[in-house]
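Side chains are part of it too, since the values below use all heavy atoms of this structure and drop only hydrogens, waters and symmetry mates.
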Amino acid sequence: MSGANAVDSILFLKIHAVLFLRPGIFASYPDLIAAQSTRHGGVSSPPYHTLNLGWNTGDRPENAVENRRRFAAAVGFDPECLAYSKQVHGIEVLHAQQPGMYEGYDALITQQPDIVLAVGIADCAPVLVYDRRHRAVAAIHAGWRGMAGGIILRTLERMAALFGTSGSDCLAYIGPCIDACAFEVGEEVAVQFAEAYKRFDSAAGKYFIDLKRAAAAQLQTFGLPESQVEISPYSTVRDNTDFFSYRLEKGDTGRMLAVIGLRS
């Protein structure tokens with residue numbers, strides 16, 4: 001897996017000054033919009049400081065609207081182009097054919113230009129996928145429930161059915177999320193993951209889950225080579241000054257967006 005890309009490496013020392021990260025794996029495709037926000041550059045007050053992009057937090061709605069305007073302007077798209085869903089930590093996939101707010105989906109796919117797919121995150125793993133051959137994109141929100149339910153593989157299989165997508169044609173980005181050193185779970189959660197993606201800490205009496213490795217495995221199962229999968233080095237917990245963490249901040253925090261779309 002490619003780990004930190006050149007863009008992330010450059011930003012590592014100055015991430016506190018930027019509104020978003022642009023995945024390096026998509027850098028050769030200027031007609032592709034792809035980014036993940038940080039928590040910097042917005043107008044929200046603590047505990048949502050400052051770039052809270054969430055629709056369903058305790059932040060003032062006008063702050064979140066202004067923050068989304070700033071983020072969209074920085075990345076280079078109209079916020080009216082966003083397609084997003086009220087996420088439920090499930091495995092349902094939406095074929096988005098127009099912008100707007102939906103409900104009950106944790107993954108969105110489209111071939112339609114000028115629709116920017118978005119998923120909200122604050123510990124769960126965001127996964128962005130681009131099918132270069134068929135010009136199709138996916139944005140996936142993968143928490144432990146979605147990951148255990150195979151949401152990434154399910155999304156790719158839906159793309160295959162609708163668009164003809166195959167793994168060899170795809171590039172993927174796994175963004176900042178809670179890392180394996182911090183994602184402590186009980187046995188009832190750990191039992192749903194293969195041994196390769198969990199470890200037991202005898203001192204704590206708890207398991208720890210590696211969402212990034214589990215996400216990469218589902219991409220590879222579909223046929224993406226390791227060289228076509230980028231994994232961000234950042235952690236929402238370890239790098240909490242730069243990213244929101246629902247768990248570390250005990251639920252009283254903002255949300256980031258991971259977005260992907262095609263320009264017409």
Side-chain angles (χ1 to χ4, degrees), residues 3-5 7-24 35-60 63-64 66-68 70-71 74-75 87 89 118-128 139-147 173-186 189 197-199 201 203-204 206-216 230-259:
N5 61 84
V7 174
D8 270 357
S9 297
I10 291 169
L11 290 175
F12 194 84
L13 297 177
K14 58 178 182 178
I15 190 173
H16 63 279
V18 300
L19 277 75
F20 68 94
L21 303 179
R22 198 185 298 277
Q36 170 158 346
S37 65
T38 68
R39 65 184 302 162
H40 305 301
V43 299
S44 297
S45 301
Y48 310 103
H49 54 305
T50 62
L51 193 68
N52 169 43
L53 303 178
W55 282 269
N56 296 294
T57 69
D59 194 8
R60 296 171 62 184
N63 288 345
E66 171 60 16
N67 289 340
R68 289 193 289 271
R70 291 186 179 199
F71 172 65
V75 176
Q87 297 159 185
H89 294 271
V119 288
I121 44 175
D123 274 339
C124 296
V127 181
L128 304 177
I140 306 166
H141 164 259
W144 75 260
R145 290 181 180 85
M147 198 76 75
Y173 174 73
I174 302 170
C177 63
I178 191 169
D179 60 358
C181 295
F183 193 18
E184 178 183 302
V185 301
V189 173
Y197 317 123
K198 63 187 177 185
R199 66 176 178 85
D201 187 310
K206 294 284 186 178
Y207 287 89
F208 289 81
I209 301 297
D210 191 333
L211 286 179
K212 289 179 179 177
R213 288 188 65 193
E230 176 189 340
I231 301 178
S232 172
Y234 297 116
S235 159
T236 51
V237 173
R238 188 182 63 247
D239 303 308
N240 184 234
T241 56
D242 299 310
F243 304 99
F244 297 115
S245 171
Y246 187 91
R247 176 172 287 209
L248 185 64
E249 298 172 84
K250 298 178 172 55
D252 201 11
T253 191
R255 301 293 186 274
M256 300 166 294
L257 288 184
V259 300

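- Judged by distance alone, with hydrogens and angles left aside, the side-chain atoms of D201 form a donor-acceptor pair with the main-chain N or O of A204 at under 3.5 Å.
- The main-chain N or O of Y246 is never found under 3.5 Å from a side-chain atom of T253 such that the two would form a donor-acceptor pair.
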Applying side-chain contact (heavy atoms from CB on, under 4.5 Å), run through L21 and F243 and close with a yes or a no.
-> CA-CA 11 Å; L21 303 179; F243 304 99; 3.9 Å; yes

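- N52 places a side-chain N or O within 3.5 Å of a backbone atom of R255 that can act as its donor or acceptor partner.
- Atoms OG and CG, on S235 and N240 in that order, are 8.5 Å from each other to the nearest 0.5 Å.
- The nearest pair of heavy atoms linking C177 to D123 is CB-O, 3.1 Å.
- Not a single donor-acceptor pair under 3.5 Å links the side chain of S37 to the backbone N or O of L19.
- Among the candidates T50, T57, N67, the single residue satisfying the side-chain hydrogen bond (donor to acceptor under 3.5 Å, both in side chains) test with S44 is N67.
- Residues R68 and L53 have side chains in contact (heavy-atom distance under 4.5 Å, counting atoms from C-beta outward).
- Taking the six-membered ring where tryptophan is involved, the planes of F71 and F20 are perpendicular, since the angle between them exceeds 60° and thus also 30°.
- Counting only heavy atoms from C-beta outward, the side chains of L211 and I178 approach each other to under 4.5 Å.
- Residues E249 and P47 share a closest heavy-atom pair of OE1-O, 4.2 Å.
- Distance alone, capped at 3.5 Å, places no donor-acceptor pair between the D179 side chain and the V237 backbone.
- A donor-acceptor pair under 3.5 Å is formed between the side chain of H40 and the backbone N or O of T241.
- At distances below 3.5 Å, at least one donor-acceptor pair connects side-chain atoms of R247 with backbone N or O atoms of E184.
- Heavy-atom minimum distance, A216 versus I231: CB-CD1, 4.2 Å.
- Of the possible donor and acceptor atoms, one in the side chain of T38 sits under 3.5 Å from a partner among the backbone N and O of V18.
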Passes side-chain contact (heavy atoms from CB on, under 4.5 Å), Y48 versus D252? Steps please.
-> CA-CA 8 Å; Y48 310 103; D252 201 11; 3.4 Å; yes

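- Note that OG of S245 and CZ of R238 are 12.0 Å apart. Values are rounded to the nearest 0.5 Å.
- Looking at every heavy atom in both residues, I174 comes nearest to A215 through CD1-CB, 3.8 Å.
- With hydrogens and angles disregarded, no donor-acceptor distance shorter than 3.5 Å links the side chain of R39 to the backbone of M256.
- Residue W55 comes nearest to L257 through the heavy atom pair CZ3-CD2, 3.7 Å, listed as atom of the first residue, atom of the second, then distance.
- Between the side chain of K212 and the backbone N or O of S232, at least one donor-acceptor pair lies under 3.5 Å.
- A 6.0 Å sphere centred on CZ of R199 holds more than 12 heavy atoms belonging to other residues, nucleotides or ligands.
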Q36 vs Y173, side-chain contact (heavy atoms from CB on, under 4.5 Å): CA-CA, chis, key distance, verdict | CA-CA 10 Å; Q36 170 158 346; Y173 174 73; 4.3 Å; yes

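- In plain terms, the two heavy atoms of I121 and P126 that are nearest each other are CD1-CG, 3.3 Å.
- We find the NZ-CZ distance between K198 and F183 to be 13.0 Å, quoted to the nearest 0.5 Å.
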May I have the step-by-step check of side-chain contact (heavy atoms from CB on, under 4.5 Å) for H89 and C124, ending in yes or no?
-> CA-CA 9 Å; H89 294 271; C124 296; 3.6 Å; yes

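- Proximity of V185 to W144: side-chain heavy atoms (C-beta onward) are nowhere separated by under 4.5 Å.
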